Amino acid sequence: EHGIASKSVAILAQQTSTSDAELLRLQVSAFQRQIPLMYAVICANAIGLGWTHLNVAPFLLAVAVPAALILASLFRLWLWWRVRYEPMTSVRARRAPRSTHAFALLLGASFVLWSLLLAPLGNAFQQMHVAIFMGLSSFACAVCLMHVRTASLLLLSVALVPFTGFYISSGNPVLVAVAINIALVAILVIIVQNRYFRDFQELAHSRTEARRLHGDMAELAQVDSLTKLANRRAFFKHLDGTLESAGKLGKRVSLGLVD
């Protein structure tokens, strides 16, 4: 009984590990499709913010810094783009979230620092543009990162915590209200993301289980239940495949029957 129990636990652990690996592959594959959109939004927003501050900010803040951040974003996009057709192996799926977390932290903190340096400059419209840039860019990136939930939460924390703290400490009632509104929307985004991720996780597990059951059914359909040998169905399936391959290669096939 102890041996049967140990074997059952081992099988269950293996199925759980396989299911988790499949979930991770699906997460990274889904996220990979959102990467061009995410970097397109952040680069376009950065260009717009730098352009509206050309007449009030020094060249370093209005041109040099956003150019460097955009180049870093395009480099990250290129790293993803060049491997877009490679198979999503378990090793690659495990490695991808780590690099995503690192870039989310680095680029997120860099964009936030640049925005906070621009925030006091210019008139009320330009200052409000900084707030709009921070809010919309953060939410757009968080939505694109929703399949890698920890990276999305990391980005929202890195971007919006300093932002809301800065504007609340400004003492300006309008900026305080804007900061509170964006913080409330951020909480809503996090709640929706958690619900979406749970649904995505259940769907991935259902897909993995369906594949496993399909494989079991296919195996049972081609194996004799008494002798555990390949049955008539398996024979003709293998024969059809062999004849098809031989036809494509221009080869002959010999078949011997022994009774």
Side-chain angles (χ1 to χ4, degrees), residues 19-46 49 69-70 72-81 83-84 88 90-116 130-168 178-207:
S19 178
D20 291 342
E22 178 66 14
L23 172 63
L24 186 57
R25 282 195 294 269
L26 291 175
Q27 284 180 260
V28 177
S29 297
F31 163 62
Q32 193 171 8
R33 293 192 294 269
Q34 311 301 328
I35 292 175
L37 296 175
M38 181 177 69
Y39 284 114
V41 168
I42 192 66
C43 289
N45 289 352
L49 185 62
L69 292 175
I70 290 172
S73 299
L74 293 177
F75 173 73
R76 176 58 174 162
L77 175 60
W78 174 78
L79 291 178
W80 276 102
W81 189 259
V83 298
R84 65 190 184 280
M88 186 58 64
S90 298
V91 175
R92 184 184 169 199
R94 286 194 299 268
R95 186 171 60 244
R98 291 196 292 267
S99 61
T100 301
H101 291 149
F103 272 91
L105 178 61
L106 180 61
L107 287 177
S110 300
F111 275 107
V112 169
L113 179 59
W114 173 55
S115 302
L116 293 179
V130 176
I132 294 173
F133 168 80
M134 284 297 302
L136 294 183
S137 298
S138 299
F139 295 141
C141 293
V143 169
C144 292
L145 286 167
M146 67 169 58
H147 297 97
V148 188
R149 183 176 54 172
T150 51
S152 179
L153 295 175
L154 176 64
L155 178 66
L156 286 175
S157 300
V158 169
L160 296 183
V161 170
F163 167 78
T164 53
F166 178 83
Y167 276 91
I168 289 176
V178 169
I180 293 175
N181 289 339
I182 290 181
L184 292 176
V185 174
I187 294 173
L188 176 63
V189 169
I190 292 173
I191 293 174
V192 172
Q193 277 189 341
N194 287 336
R195 291 177 179 175
Y196 171 82
F197 185 79
R198 284 196 297 268
D199 293 340
F200 183 84
Q201 192 175 32
E202 292 176 1
L203 180 62
H205 287 160
S206 299
R207 178 178 173 179

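Hydrogens, waters and symmetry mates play no part in the numbers below; they use all other heavy atoms, side chains included. This is a predicted model, so every value here is computed, not measured.
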Can you give me the closest heavy-atom contact between [X] and [Y], atom names plus distance?
X	Y	value
Pro36	Trp81	CG-CZ3, 4.4 Å
Ser152	Ala142	OG-O, 3.1 Å
Leu160	Ala186	CD1-CB, 3.4 Å
Ala159	Val112	CA-CG2, 3.3 Å
Ile182	Ala131	CD1-O, 4.0 Å
Cys144	Gln34	O-CB, 3.6 Å

Are [X] and [Y] close enough that some pair of their side-chain heavy atoms sits under 4.5 Å apart?
X	Y	answer
Leu156	Phe139	yes
Phe111	Cys141	no
Leu77	Met38	no

Exercise. Do the side chain of Ser157 and the main chain of Leu153 share a donor and acceptor less than 3.5 angstrom apart?
Worked result: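 Yes.
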For this session: Please confirm whether the backbone N or O of Met134 pairs with a side-chain atom of Ser137, one donor and one acceptor, at under 3.5 Å?
Result: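 Such a contact is absent between Ser137 side chain and Met134 backbone.
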Nearest-0.5 Å distance, [atom1] of residue [X] to [atom2] of residue [Y]:
X	Y	atom1	atom2	result
Arg76	Ile35	CZ	CD1	6.5 Å
Ile42	Leu37	CD1	CG	13.5 Å
His101	Leu106	NE2	CG	14.5 Å

For this session: Please report the C-alpha distance between Leu184 and Leu188 in whole Å, then the side-chain angles of each, then the deciding distance to 0.1 Å, and finally whether the side-chain contact (heavy atoms from CB on, under 4.5 Å) criterion is met.
Result: CA-CA 6 Å; Leu184 292 176; Leu188 176 63; over 6 Å; no
Exercise. Among Val158, Leu155, Thr100, which one satisfies side chain to side chain contact (heavy atoms under 4.5 Å, CB included) with Leu105?
Worked result: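 Among Val158, Leu155, Thr100, the one meeting side chain to side chain contact (heavy atoms under 4.5 Å, CB included) with Leu105 is Val158.
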For this session: Output, in order, the C-alpha distance, side-chain angles, deciding distance and verdict of side-chain contact (heavy atoms from CB on, under 4.5 Å) for Phe166 and Val130.
Result: CA-CA 12 Å; Phe166 178 83; Val130 176; over 6 Å; no
Exercise. What residues form a side-chain contact (heavy atoms from CB on, under 4.5 Å) with Ile191, not counting sequence neighbours?
Worked result: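 With neighbours one apart ignored, the set is Ile187, Arg195.
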For this session: Please work out which of the three classes, parallel, tilted or perpendicular, describes the rings of Phe133 and Trp114, given edges at 30° and 60°.
Result: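 The arrangement is perpendicular - the two ring planes meet at more than 60°.
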